[in-house]
Number of protein chains: 2
Amino acid sequence: MVEYSERLDHIFASLADPTRRDILRRISRKELSVGEIAKSYELTFAAVSKHLQVLERAKLVKKERRGREQVVRVSLRALGEADRYLERYRVLWEERLDRLEEYLSKENK
Amino acid sequence: MVEYSERLDHIFASLADPTRRDILRRISRKELSVGEIAKSYELTFAAVSKHLQVLERAKLVKKERRGREQVVRVSLRALGEADRYLERYRVLWEERLDRLEEYLSKENK
DNA sequence: ATATTATTCAACTATATGGTTGAATATTCA
DNA sequence: TGAATATTCAACCATATAGTTGAATAATAT
């Protein structure tokens, strides 16, 4: 059983790398094989494969064998967890914006 | 000039640690001095101070000297960036949920 | 069966991270 | 001014991460 907190660790750690964010962006448009993904970067195949393992551990992507390729797709469930984590703070900053607006409107009277 | 991408690196890297997420949670309720924060963890003062430096680099918190203490507050701007990053994907998964609902409602006819 | 293609694994290196301890700095109190 | 309090800095250690290269495995094509 992987703790909720540990899942968040993995999700945010995955998102902390620009290559991995870029991979996510690319496969969110269209599923791609590991090889197709690797072509976009000046990294070795193995390095890209490792990035995909990090994304898999965080459950941000799923791999599926199709013939001799592995096809990679985004798996939005984990991103949803990150989103729900931030949601609490979204409420906070929206409150603050509201107070700011209220304050400004009083100033103008 | 710090790149947008690098800012996201710092924000997500900050959020990838449970102690730092907990610090954020605590100070989002009430601003606290470094010392008050440090008391909550079985870590040295210096370790907590380092965590706060990581959060500062990501602009998730701000420190302000008040007498001989440093008072720490959340600074929601950076969390807003993370939130906007995830927003794109939120649209994606909401679309998928909608398609799922549509599919299920047709099944029930 | 063998060769080709796609991917992963293992071993290694360099750098980053999270922690410690002890000294250094800043501010306040007596 | 000197002592006490709050925080940071510097040096160090252990572990994790991101990258490499070369060998190993899996599936397909000949």
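Only this structure's heavy atoms are used, side chains among them; waters, hydrogens and symmetry mates stay out. Per chain, numbering begins at 1; letters A, B, ... match sequence-line order.
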- Atom-to-atom span, CG of B:L15 to P of C:dT17 - whole angstrom: 14 Å

- Message: Considering every strand and a 4.0 Å limit on heavy-atom distances, what is the contact class for A:A13: base, sugar-phosphate, or nothing?
- Response: nothing

- Query: What's the closest nucleotide to the A:A47 side chain, out of C:dA6, D:dT7, D:dT20?
  - Reply: D:dT20

- Message: Tell me the interatomic distance from B:F45, atom CZ, to D:dC9, atom P, rounded to whole angstroms.
- Response: 13 Å

- Item | Hydrophobic cluster membership, B:L8 vs B:V61, 4.5 Å side-chain cutoff | yes

- Message: Looking at D:dG19, I'd like to know if its phosphate oxygens (OP1 or OP2) sit under 4.0 Å from a side-chain N or O belonging to A:H51.
- Response: yes

- Query: Rounded to whole angstroms, how far apart are CG on A:D9 and C1' on C:dT17?
  - Reply: 13 Å

- On DNA chain D, check which nucleotide each of A:V48 and A:R65 is closest to and give me the residue with the more 5' one. A:V48

- Would you please confirm or rule out a distance under 4.0 Å between OP1 or OP2 of D:dC9 and any side-chain N or O of B:K50? no

- Lys/Arg-Asp/Glu bridge criterion (N-O < 4.0 Å) met for A:D83, A:R90: yes

- Between B:R57 and B:T44, which is nearer to the 5' end of DNA chain C once each is assigned its nearest nucleotide? B:R57

- Message: D:dC9, OP1 or OP2 - any side-chain N/O from B:Q53 closer than 4.0 Å?
- Response: yes

- Query: A:Y41 has an atom OH; how far is it from atom P of D:dA18, in whole Å?
  - Reply: 14 Å

- side-chain N/O A:S49 vs C:dT8 OP1/OP2, d < 4.0 Å: yes

- Task: Give the rounded distance in Å between these two atoms: CD of B:Q70 and C1' of C:dT27.
- Result: 11 Å

- Query: For B:T19, which contact category applies under a 4.0 Å heavy-atom criterion: base, sugar-phosphate, or nothing?
  - Reply: nothing

- Task: Can you tell me the distance, in whole Å, between the CG atom of A:L52 and the P atom of D:dT17?
- Result: 16 Å

- Looking only at D:dA18, D:dA6, C:dT20, the nucleotide nearest the A:D17 side chain is D:dA18

- Query: So, is A:R68 near the phosphate of C:dT7, with a side-chain N or O under 4.0 Å from OP1 or OP2?
  - Reply: no

- Scan side-chain atoms only and decide if A:S5 and B:R21 contain a donor-acceptor pair under the 3.5 Å cut-off. yes

- Between atom NZ in B:K63 and atom C1' in D:dC9, what is the gap in whole Å? 12 Å

- Could you check whether B:R20 gets within reach of a base, just the sugar-phosphate, or nothing at all, counting any heavy atom under 4.0 Å? sugar-phosphate

- Item | For the student: nearest non-hydrogen atoms of B:F12 and B:A82, plus distance | CE2-CB, 4.0 Å

- Task: Nearest whole angstrom, please: distance from the C1' of D:dT17 to the CG of A:L55.
- Result: 14 Å

- Query: Can we say B:R66 and B:E31 salt-bridge, meaning some charged N sits less than 4.0 Å from an Asp/Glu carboxylate O?
  - Reply: yes

